[in-house]
Amino acid sequence: MLDIKFIRTNTELVRQAIINKNEKADLDKILELDEQRRKLQFDFDTLKSRQNAVSQEIANRKRNKEDAADLIEQMSGVAEEIRGVSAELGKVNTELEQALLWVPNVPLETVPVGRDESANRIVRYYGDQPAFDFSPVDHLAVAEKNGLLDLARGAKISGSGFPVYTAQGARLERALISFMLEYHIQKHGYTEIGAPLLVNRKTMTGTGQLPKLEEDMYHVGEDDLFLIPTAEVPVTNLHSDEVIQLPKLPIKYVAYTPCFRREAGSYGKDTKGLQRLHQFNKVEMVRFVEPRDSYRHLEEMLNDAEEILQAFGLHYRVVELCTGDLSFASAKTYDIEVWAPGVGRYLEVSSVSNFEAFQARRAGIRYKDSEGKMQYVHTLNGSGLATPRLMIALLETYQQADGSFKIPQPLEAWLNLKI
RNA sequence: GGAGAGGUGGCCGAGCCGGUUGAAGGCGCACGCCUGCUAAGCGUGUGUAGGUCAAAAGCCUACCGAGGGUUCGAAUCCCUCCCUCUCCGCCA
């Protein structure tokens, strides 16, 4: 969330950000609550101050065996008054906090302004679309021919959008995960985290999924726990309500987890094959950094993710999201879209974002800067990468004229393991 | 799930028959002094948040797991909840 002081002094900037992000937080209401809050706080402090002073005097008199009945009598109404103001203050505070949770992060000034993805800016292309001397089929055809997927049975046991990988398909997907994890650990210096897949409400709120996106989350009502939509949630919240020692920064974590998304409101969109799923696997990178470095880290993480696609020799492009396409919590986001020759589209396989202090403020992730001042860290995360669309690109790119599928060289070691 | 113990400042750890206790003491940390070097020693300081202020200083307020209650006054008493540890049960 944003600092209320920032909102107070940069109201128009925030107002514009809300519009540019297609959000609808009520700033006037927030400013009014803030005003009320400060007034009540002042009243409370004043009353409390008086009560403390008199209580002190009562204590002194009692110590000296003097009578304090008049003072006690005098204060008896004050306690009630304080309770009243305090209750009011608590109510306003809660209301203000709730309202602030609906204010999105402010996009970086350089982010292109636009309503939807049509205003996104293509940053660069890597490689070229592969040429085929036959007509390439889509990943479903490749998978069927080679026995890699069983989506029908996935639908039978869970529902559509819950893929079943079979035989070499399952091994390939697992190999992808291992390869990506080890790549980031060994080449980029990330520390691996194995994270819980069910998290509580506070954790979901910390990274900004709640309250706005509750409809998109699988919820276990009995325990009020949520299935994570991305490892970003548990991993970023690892340090919630903590003060990180300066020498520990930057912190770089990588985690593989399944991800669960209800995808409410996107029925019939990109439903073919592995394009849009309720459950999928993803390797996620998360960084905690000092604010002055955070945009350098954003570029670095983007590069970390790109290297995976490069290692597989896949053609892709990098896109900078416009304000309207930016997520609620993000200040700047790059998407990486890999080319899938069978379906003939660029598919998002990674999203790399800088949240600046937005998540850190919500989750309470701070550090002491070199001058000993308490500051919020900047948090970033990026997929590195999500497996389903990566599978699509691989299957479609490396299909052969005879319908078979060629394993990309970097994965051979994992698939040829002998025991 | 049942029984018991406990949750205090960066850490350890007093206080818990209510009142100069934001909180003893120790460790750590920072600065200074001292000292061939190192170690040790001595001194001072060292929480977070909100408010007030142009700002700093200062001042005020809150915070001893969370939330309520009793009281003129609560870290200290009462209630509810959460978490940790130990034992039992259950499941892997």
Side-chain angles (χ1 to χ4, degrees), chain A residues 1-10 30-101 194-206 210 220-226 234 237-249 251 288 357-377:
Chain A
M1 76 187 135
L2 298 176
D3 187 353
I4 181 64
K5 285 182 196 157
F6 180 84
I7 295 176
R8 215 185 284 150
T9 51
N10 300 275
I30 285 168
L31 291 171
E32 188 193 317
L33 285 167
D34 178 46
E35 200 62 40
Q36 280 180 43
R37 184 192 118 250
R38 283 188 289 165
K39 189 190 168 301
L40 287 165
Q41 182 73 51
F42 180 81
D43 293 348
F44 177 81
D45 287 355
T46 307
L47 285 167
K48 201 68 185 153
S49 176
R50 179 154 154 257
Q51 186 188 54
N52 286 345
V54 177
S55 288
Q56 198 64 253
E57 179 57 22
I58 292 169
N60 286 337
R61 285 205 196 169
K62 293 223 166 182
R63 219 187 327 275
N64 298 329
K65 309 279 188 228
E66 293 169 14
D67 181 56
D70 58 324
L71 292 181
I72 291 173
E73 166 65 26
Q74 186 189 324
M75 292 323 288
S76 59
V78 175
E80 193 52 46
E81 202 179 338
I82 287 173
R83 230 189 309 274
V85 174
S86 170
E88 187 76 9
L89 179 61
K91 218 183 94 206
V92 171
N93 262 332
T94 306
E95 227 179 302
L96 178 60
E97 274 162 35
Q98 289 307 310
L100 280 173
L101 291 178
L197 307 182
L198 280 167
V199 298
N200 59 34
R201 190 171 282 277
K202 181 171 188 283
T203 297
M204 274 299 185
T205 307
L210 291 180
V220 182
E222 197 170 352
D223 303 288
D224 199 24
L225 293 173
F226 297 85
N237 280 285
L238 231 41
H239 293 296
S240 62
D241 295 319
E242 287 184 14
V243 179
I244 298 168
Q245 295 305 306
L246 182 59
K248 293 219 165 75
L249 295 176
I251 293 173
F288 303 81
F358 190 84
Q359 293 181 327
R361 193 172 289 111
R362 282 188 169 223
I365 310 169
R366 299 181 294 173
Y367 77 104
K368 265 191 184 150
D369 67 19
S370 51
E371 271 138 37
K373 267 190 71 180
M374 206 53 107
Q375 305 278 4
Y376 287 105
V377 300

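Quick note on labels: first sequence line is chain A, next is B, and so on, each numbered from 1.
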Within the 4.0 Å heavy-atom criterion, would you say [X] contacts the bases, only the backbone, or no part of the nucleic acid?
{"X": "A/L71", "answer": "nothing"}
{"X": "A/R50", "answer": "nothing"}
{"X": "A/K39", "answer": "nothing"}
{"X": "A/Q51", "answer": "sugar-phosphate"}
{"X": "A/N52", "answer": "sugar-phosphate"}
{"X": "A/K202", "answer": "nothing"}

Would you mind telling me which of [options] lies closest to the side-chain atoms of [X]?
{"X": "A/K368", "options": "B/rC72, B/rU52, B/rG47", "result": "B/rG47"}
{"X": "A/R83", "options": "B/rU61, B/rG51, B/rU70", "result": "B/rU70"}
{"X": "A/R37", "options": "B/rU61, B/rC72, B/rG51", "result": "B/rG51"}

Is any side-chain N or O of [X] closer than 4.0 Å to OP1 or OP2 of [N]?
{"X": "A/S76", "N": "B/rC72", "value": "no"}
{"X": "A/R366", "N": "B/rG47", "value": "no"}
{"X": "A/R61", "N": "B/rG19", "value": "no"}

Stems formed with participation of RNA chain B [Watson-Crick or G-U wobble, under 3.5 Å, three or more pairs]
B:1-7 with B:82-88, B:10-12 with B:25-27, B:28-33 with B:41-46, B:47-52 with B:58-63, B:65-69 with B:77-81
